[in-house]
Amino acid sequence: MPELPEVETMRRGILAIVGAAIRDVRSAGGRLKPIGLEPKLPAFRRRCMGQTIQDVRRVGKRVVLELGSSQVIVFEPRMTGLVLLSDPPDPEHLRMRIALKGSRHGELLYWDRRGLGSVRLLRPDEFDVRCGPEQLGPDALTVSADELQSRLGHSRRAIKVALLEQKAIAGIGNLYASEILHAARLDPLRPACALARRDWVRLQGAVRDVLLAAIQYEGSTLADGTYRNALNQPGAYQHQHRVYGRAGEPCRTCGRARVVRVVLAQRSTFFCPRCQLRL
DNA sequence: CCCCAGTCCTGCGGGC
DNA sequence: TGCCCGCAGGACTGGG
């Protein structure tokens with residue numbers, strides 16, 4: 001479940017390929033259903049060959065390689081995708097290999113166990129349409145309290161559900177939504193439109209603090225072990241989780257109530273009924 | 001327009 | 001031991 005902290009960790013982990021050129025593009029993953037690849041491999045390869053990687057950016061939960069021709073390669077890992085400079089967790093779920101020259105790393109890999117992710121090569125106008133402000137709201141790391149309130153504050157949905165809407169705010173996923181609302185001491189079931197001004201200010205602080213801390217710890221690697229950084233090493237933020245995945249265990253903040261799990265919009269949601277009581 | 005449920009995909013763990 | 005089912009939740013789609 002790479003969310004903003006995991007994708008930002010991937011981005012930082014492959015920054016060393018800036019300046020390298022693409023020597024070849026090959027697909028992999030024989031028995032598996034193919035991932036979303038656009039365009040198909042022959043055109044993808046032809047359009048990338050020899051292109052210099054000028055920058056590595058993050059757009060929401062996507063890793064974006066800017067090429068010399070102003071085309072971009074967009075990696076969208078979704079649930080189980082990884083961008084790697086080292087050996088992948090296993091060979092059978094390797095989906096794509098991008099051979100490099102002019103870098104101490106010979107290859108950039110895309111690995112994806114469930115294959116819900118995608119790799120796309122887009123021209124600038126396509127990128128603007130598919131990954132632009134129509135599709136993705138302001139980045140969660142830098143969004144202001146005013147923006148947060150104006151973009152979510154009219155919704156009658158539970159604030160936990162509203163926070164997951166990428167068109168409103170980009171980067172927050174299911175895991176960090178629970179952690180953020182706990183840090184903000186807000187009831188995840190509360191309608192977004194019922195939040196007061198002081199709640200939005202506290203929420204924005206929690207969004208920033210939780211995401212920055214998670215980046216410092218290089219993201220969350222859950223029990224299934226899927227998420228890895230670019231060198232195939234696990235993150236450590238899972239040890240800092242206050243509520244996510246801890247149903248029935250004592251809240252790590254108050255220690256006096258047990259964490260509750262509810263399902264909102266078909267997603268697991270965790271909260272402490274004592275720390276996050278509706279005020 | 002707003003919002004929800006269903007879909008994709010794979011591996012894992014529980015129940016029998 | 002093997003099989004089936006449900007679950008995990010990214011983003012998208014169809015429909016109420």
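A, B, ... follow the sequence lines: proteins, then strands. Residue 1 opens every chain. Reckoned from all heavy atoms, side chains included, excluding hydrogens, waters and symmetry mates.
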Side chain of [X] only, please: which of [options] is the nearest?
X	options	value
A/His93	C/dG10, B/dC9, B/dG11	B/dG11
A/Arg114	B/dC3, C/dC12, C/dA8	C/dA8
A/Val161	C/dA11, B/dC4, B/dT10	B/dC4
A/Arg157	B/dT10, C/dA11, B/dC3	B/dC3

Side-chain ion pair, [X] and [Y], N-O less than 4.0 Å:
X	Y	value
A/Glu38	A/Arg130	yes
A/Arg197	A/Asp146	yes
A/Arg113	A/Asp224	yes

[atom1] of [X] versus [atom2] of [N]: gap in Å, rounded?
X	N	atom1	atom2	answer
A/Leu163	B/dC3	CG	P	14 Å
A/Gln266	C/dG6	CD	C1'	14 Å
A/Gln135	C/dA11	CD	P	11 Å
A/Lys33	B/dC9	NZ	P	4 Å
A/Leu164	C/dG10	CG	P	7 Å
A/Lys160	B/dC4	NZ	P	12 Å
A/Arg58	C/dG10	CZ	P	15 Å
A/Gln166	B/dC3	CD	C1'	17 Å

Any side-chain donor paired with an acceptor under 3.5 Å for A/Asp112 and A/Thr80?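 Result is yes, a qualifying pair exists.
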Quiz question: by atom type and distance under 3.5 Å, do the side chains of A/Asn229 and A/Glu218 form a donor-acceptor pair?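 Yes - a donor-acceptor pair under 3.5 Å links their side chains.
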Mark yes when over 12 heavy atoms from residues, nucleotides or ligands other than A/Arg26 sit less than 6.0 Å from its CZ; otherwise mark no.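 Yes.
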Look at all strands and tell whether [X] reaches a base, only sugar-phosphate, or nothing, counting heavy atoms closer than 4.0 Å.
X	answer
A/Thr80	nothing
A/Arg120	nothing
A/Glu3	sugar-phosphate
A/Tyr244	sugar-phosphate
A/Gly115	nothing
A/Thr226	nothing

Over all atoms of both residues, closest heavy-atom pair of A/Ile172 and A/Ala140: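 Shortest heavy-atom contact: CG1-CB, 3.8 Å.
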By nearest heavy atom, map A/Ser268 and A/Lys167 onto DNA chain C; which one lands nearer the 5' end?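 The residue mapped nearer the 5' terminus is A/Ser268.
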Note, DNA chain C 5' to 3' with Watson-Crick or G-U pairs under 3.5 Å encoded as ( ), [ ], | and . gives .|||||||.|||||||
Say you pick atom P in C/dC7 and the same atom in B/dA5; how far apart are they, in whole Å?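 Per the computed distance, 14 Å lies between those P atoms.
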Using the C1' atom on both, measure C/dG6 against B/dG6 and round to a whole Å.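 My reading of the C1' atoms in C/dG6 and B/dG6 gives 15 Å.
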Does a side-chain N or O of A/Arg261 approach OP1 or OP2 of C/dA8 to a distance below 4.0 Å, or not?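 The answer is yes; a side-chain N or O of A/Arg261 sits under 4.0 Å from OP1 or OP2.
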For the residue pair A/Val72 and A/Leu67, establish whether any side-chain heavy-atom pair is separated by less than 4.5 Å.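 No, every pair of side-chain atoms sits at 4.5 Å or beyond.
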With DNA chain B as reference, determine whether A/Met79 or A/Arg156 sits nearer its 5' end, using the nearest nucleotide of each.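 Residue closer to the 5' terminus by nearest nucleotide: A/Arg156.
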Assign each of A/Arg267 and A/His154 to its nearest nucleotide of DNA chain B by heavy atoms, then name whichever residue's nucleotide is nearer the 5' end.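 Its nearest nucleotide lies further toward 5', so the answer is A/His154.
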Test salt bridge (Lys or Arg N to Asp or Glu O under 4.0 Å) applied to A/Glu8 and A/Arg58, A/Arg62, A/Lys61, the passing residue: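 Filter result, single survivor: A/Arg58.
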